[in-house]
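Here the structure comes first, spelled out in structure tokens, and everything after it is commentary.
Because only heavy atoms are used, hydrogens play no part in the values below, and waters and symmetry mates are left out as well, while side chains stay in. This is a predicted model, so every value here is computed, not measured.
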Amino acid sequence: QVQLVESGGGLVQAGGSLRLSCAASGRIFSILAMGWYHQAPGKQRELVATITAGDSTNYADSVKGRFTISRDNAKNTVYLQMNSLKAEDTAVYYCAAQNIYWGQGTQVTVSS
């Protein structure tokens, strides 16, 4: 069982930055593939970025060049650095481990 807790969401102006964190419980974090997803009101949950146990990363086209996913295995934490935020980035952001375990989500609101 893996428990995930996201933090770092909030309200920011367009063009600003936020860093989301996702802290994981358990001793197997270093071997887990981790991901960030977002869900805007009335829309389906969508992939934002993923990172494998070997630190290979993948991004949605809409965030390439603006967002960076990273992990710190010593802290059992995965991060999402979000720069140059746009109004369309407004959503609830979820952390996932192996697409099996999910956090409760953190709200990101970008004002234009």
Side-chain angles (χ1 to χ4, degrees):
Q1 185 77 10
V2 176
Q3 293 183 327
L4 304 172
V5 179
E6 301 101 332
S7 61
L11 173 64
V12 64
Q13 289 188 333
S17 298
L18 282 175
R19 188 175 82 155
L20 305 183
S21 299
C22 173
S25 66
R27 299 182 178 182
I28 61 171
F29 177 80
S30 64
I31 66 170
L32 298 176
M34 301 296 297
W36 286 98
Y37 295 75
H38 68 194
Q39 186 168 18
K43 295 188 177 181
Q44 291 186 331
R45 192 172 298 187
E46 297 177 335
L47 170 72
V48 176
T50 61
I51 185 166
T52 68
D55 287 341
S56 295
T57 58
N58 182 53
Y59 296 92
D61 288 343
S62 60
V63 306
K64 283 180 181 176
R66 300 189 298 123
F67 291 10
T68 302
I69 188 171
S70 61
R71 65 192 299 159
D72 185 338
N73 291 335
K75 295 183 178 179
N76 275 18
T77 301
V78 63
Y79 304 98
L80 185 68
Q81 178 66 44
M82 306 187 295
N83 299 327
S84 302
L85 282 160
K86 304 176 181 180
E88 51 262 44
D89 296 320
T90 295
V92 178
Y93 283 72
Y94 297 91
C95 173
Q98 300 287 131
N99 281 358
I100 297 174
Y101 304 101
W102 293 84
Q104 82 288 351
T106 186
Q107 176 70 47
V108 171
T109 303
V110 184
S111 63
S112 57

Give the minimum heavy-atom separation between S17 and N83, together with the two atoms involved.
-> OG-OD1, 2.9 Å
Going through the checks in order, is the side-chain contact (heavy atoms from CB on, under 4.5 Å) test met by V78 and I69?
-> CA-CA 7 Å; V78 63; I69 188 171; 3.9 Å; yes
Only one of T68, L20, D89, V12 clears side-chain contact (heavy atoms from CB on, under 4.5 Å) with M82; which?
-> L20
Nearest heavy-atom neighbours spanning A97 and L32 = CB-CD1, 4.1 Å
Do V48 and L18 share a hydrophobic cluster (ILVMFWY, side-chain heavy atoms under 4.5 Å, transitive)?
-> yes
In sequence, state the C-alpha distance, the side-chain angles, and the governing distance for R45 and W102, and then conclude on side-chain contact (heavy atoms from CB on, under 4.5 Å).
-> CA-CA 12 Å; R45 192 172 298 187; W102 293 84; 3.2 Å; yes
Any donor and acceptor pair, going by atom type alone, linking the side chain of R66 with main-chain N or O of S84 inside 3.5 Å?
-> yes
Find the distance between OG1 (T109) and CD (Q13) and round it off to the nearest 0.5 Å.
-> 13.0 Å
Nearest heavy-atom neighbours spanning S25 and N76 = C-ND2, 4.2 Å
Indicate if V2 and L80 have the same hydrophobic cluster label, given that clusters are the connected sets of ILVMFWY residues with side-chain heavy-atom separations under 4.5 angstrom.
-> yes
Test log, rule side-chain contact (heavy atoms from CB on, under 4.5 Å), inputs C95 and W36 = CA-CA 5 Å; C95 173; W36 286 98; 4.0 Å; yes
If two hydrophobic side chains count as joined below 4.5 Å and joins carry through other members, does Y101 share a cluster with I31?
-> yes
Where is the tightest heavy-atom contact between E6 and Y94, given as atom of each residue plus distance?
-> OE2-CA, 3.3 Å
Enter the distance from Y93:OH to T106:OG1 here, rounded to the nearest 0.5 Å.
-> 10.5 Å
Would you check if the side chain of T77 reaches a backbone N or O of D72 as a donor-acceptor pair within less than 3.5 Å?
-> no
So which heavy atom on Q39 is nearest to which on Q44, and how close?
-> CG-C, 4.0 Å
Honestly curious: do L47 and V63 fall in one hydrophobic cluster under the side-chain, below-4.5 Å linking rule?
-> no
If you measure from CG on N58 to OG1 on T50, what distance do you get to the nearest 0.5 Å?
-> 4.5 Å
Distance-minimising heavy-atom pair for D55 and R71 | OD1-CD, 3.3 Å
d(T57 OG1, F67 CZ) to nearest 0.5 Å is 14.5 Å
Are Y59 and L85 linked, directly or through other ILVMFWY residues, by side chains that come within less than 4.5 angstrom of each other?
-> yes
Euclidean distance, S62 OG relative to K86 NZ, rounded to 0.5 Å | 8.0 Å
Separation between CZ (F29) and CG (L4), nearest 0.5 Å, reads 8.5 Å
Quick check: are there more than 12 heavy atoms from other residues, nucleotides or ligands sitting under 6.0 Å from CD of Q3?
-> no
